[in-house]
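The structure under discussion appears below in the form of structure tokens.
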Amino acid sequence: MKRILVTGGAGFIGANFVPYFLETNPEVHIVNIDALTYAGDLSNLSEIAEHPRYTFVKGDIVDRALIEQLFQEYDIQGVIHFAAESHVDNSITNPDAFMQTNIIGTFNLIDVAKKYWMLSPGVYKEAYASCRFHHVSTDEVYGTLGKEGLFMETTPYAPNSPYSASKASSDFIVRSYFHTFGMDVVTTNCSNNYGPKQHNEKLIPTIIRKALAGEPIPIYGDGSNIRDWLYVLDHCKGIALVYKDGVSGETYNIGGRNERNNLYIATRICELLDQKKPRRGEGTYADLITYVEDRAGHDFRYAIDASKIENDLAWKADENFETGIEKTIDWYLAKYSVQLKTPI
């Protein structure tokens, strides 16, 4: 049984990835380490909590001694690294946590892996010849786009927030271990994810939650900022594909080809909620949309060219935004109904 260390598996993307990967890889045992900060929630993994090929460890990737212990105890033979501080607003108010987790944590993981798997630069121990380190990153490392153009794997890095700067740093650390030590690494940079299990602080869950509560729905600036939206399960499928078949040392951008501005996102969610859970004699949910002061350094547009993973690895997103957002709303309606123990 091959044991793979997944970091941050109780977070949004990780908690969608772990059940998917367990189901599609019966020869793998997943060891999931998560610090369970505000963004991690074990209830996200309740469906596989007792799975015989799953082990959860509460811990911080900044704790190098713990990472070394896990490699020894479980004989780790692969790493898929999700764990990160990721909320841009929080990186503006508390950048230190982002530097620690995203930079020092990534260094600890890849350096421990190198020493456990390798004899010397370019030479793997015989039993670990197939071990791979997969680093999950973001399109925000590329900075911002104007009204045209797409981020490609060759786009120069230009991070504009403490969050994206810390992720750019972690990307470069991983790159250096390939070029200096000949380590088998791959990196994926994704566009904005959405779907089940996302933290309440993020845009789409915030819109849904505020709407259902009858509270103002906050939209930064004039709502014109554009993101390329990727349904989380499509992202998970792409990660699994790159981990299995990606070329060592390469970066693969994963995007949904679903550019939408924030105002459209809010308006579309309100329209769907009007159909699925109408307000009771209080107008429409869109009446709650409220414009608030723009975020400091708010990037205008992100959009990914996913041609490389599509052409080289035959990946394709199964969901477009219209199908994915409906599945997402249905999931949150069920979640909030259960939490309130009464119909919303």
Side-chain angles (χ1 to χ4, degrees), residues 1-9 11 13-14 17-18 21 25 27-35 55-85 98-138 141 153 157 165-190 239-252:
M1 187 68 65
K2 186 174 184 178
R3 292 181 177 88
I4 292 177
L5 181 65
V6 172
T7 71
I13 302 172
F17 178 82
V18 170
F21 202 74
N25 294 272
E27 77 289 355
V28 165
H29 184 112
I30 287 180
V31 179
N32 170 24
I33 180 173
D34 197 297
T55 301
F56 174 72
V57 177
K58 183 179 180 181
D60 194 329
I61 59 173
V62 175
D63 183 349
R64 185 182 177 106
L66 175 59
I67 300 303
E68 292 172 339
Q69 176 188 330
L70 293 180
F71 269 77
Q72 292 287 342
E73 181 177 351
Y74 294 102
D75 189 28
I76 299 299
Q77 297 178 49
V79 175
I80 301 176
H81 175 35
F82 293 94
E85 294 282 350
F98 288 71
M99 305 306 149
Q100 291 295 319
T101 298
N102 299 354
I103 300 176
I104 301 303
T106 299
F107 166 71
N108 284 341
L109 283 165
I110 198 165
D111 194 58
V112 170
K114 176 184 76 72
K115 291 181 177 178
Y116 190 76
W117 296 339
M118 302 183 73
L119 291 168
S120 61
V123 181
Y124 271 77
K125 299 173 185 177
E126 185 175 352
Y128 303 100
S130 64
C131 294
R132 164 165 280 186
F133 189 102
H134 184 140
H135 177 56
V136 180
S137 191
T138 172
V141 298
E153 289 81 1
Y157 277 31
S166 66
K167 287 297 290 184
S169 299
S170 66
D171 290 8
F172 288 143
I173 290 168
V174 173
R175 173 188 167 90
S176 75
Y177 272 63
F178 170 75
H179 286 280
T180 301
F181 302 111
M183 201 171 171
D184 184 354
V185 306
V186 286
T187 297
T188 49
N189 295 75
C190 67
I239 291 168
L241 190 60
V242 171
Y243 181 76
K244 179 184 177 184
D245 296 332
V247 175
S248 184
E250 292 292 310
T251 294
Y252 296 86

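Computed from heavy atoms alone, side chains included, the values below leave out hydrogens, waters and symmetry copies.
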(message) Quick check: do V242 and E250 have side-chain heavy atoms less than 4.5 Å from each other?
(response) no
(message) Taking R175 first and then D171, would you say they form a salt bridge - that is, a charged N and a carboxylate O separated by under 4.0 Å?
(response) no
(request) Check for a donor-acceptor pair, side chain of N25 on one end and backbone N or O of V28 on the other, with a separation under 3.5 Å. (result) no
(request) Quick one: pull up CZ in F107 and OG in S176 and give me the separation to the nearest 0.5 Å. (result) 9.0 Å
(request) Starting at NZ of K2, measure out to NE2 of H29 and round the result to the nearest 0.5 Å. (result) 14.5 Å
(message) Taking CD in E126 as the centre, count heavy atoms belonging to other residues, nucleotides or ligands within less than 6.0 Å. Is the count above 12?
(response) no
(request) For A168 and Y157, work out which heavy atoms get closest and say how close. (result) CB-CD2, 3.6 Å
(message) Testing the basics here: between Y124 and G182, what is the closest heavy-atom pair and its distance to 0.1 Å?
(response) CE1-O, 3.9 Å
(request) Grab the two heavy atoms, one from R132 and one from V247, that are nearest each other, plus how far apart they are. (result) NH2-C, 3.9 Å
(message) I need the Y252 OH to T188 OG1 distance, nearest 0.5 Å.
(response) 10.5 Å
(request) Supply the atom-to-atom distance I104 CD1 to D60 CG, rounded to the nearest 0.5 angstrom. (result) 11.5 Å
(request) Report yes if some heavy atom in the side chain of Y116 is under 4.5 Å from a heavy atom in the side chain of Q72; otherwise report no. (result) yes
(request) Would you indicate whether the side-chain heavy atoms of L70 and I33 approach each other to under 4.5 Å? (result) yes
(message) Any side-chain to backbone donor/acceptor pair from N102 onto K167? Under 3.5 Å, distance only.
(response) no
(message) Tell me if the centroids of the rings in F181 and Y177 come within less than 6.0 Å of each other.
(response) yes
(message) Has N108 got a side-chain atom pairing as donor or acceptor with I61's backbone, closer than 3.5 angstrom?
(response) yes
(message) Under a 4.0 Å threshold between the charged nitrogen and the carboxylate oxygen, would R3 count as salt-bridged to D75?
(response) no
(request) Find the distance between OG1 (T251) and CD (E153) and round it off to the nearest 0.5 Å. (result) 7.0 Å
(message) Looking at every non-hydrogen atom in both residues, tell me the closest pair between E27 and M1 and how far apart they are.
(response) O-SD, 3.0 Å
(message) Walk me through whether S170 and H81 qualify under side-chain contact (heavy atoms from CB on, under 4.5 Å).
(response) CA-CA 11 Å; S170 66; H81 175 35; 5.8 Å; no
(request) Might you point out which heavy atoms bring T7 and L109 nearest each other, and give the distance in Å? (result) CG2-CD1, 3.7 Å
(message) Could you tell me if the side chain of K114 sits less than 4.5 Å from the side chain of F133, heavy atoms only?
(response) no
(request) Could you tell me the separation between the CZ atom of F71 and the CD atom of Q77, rounded to the nearest 0.5 Å? (result) 10.5 Å
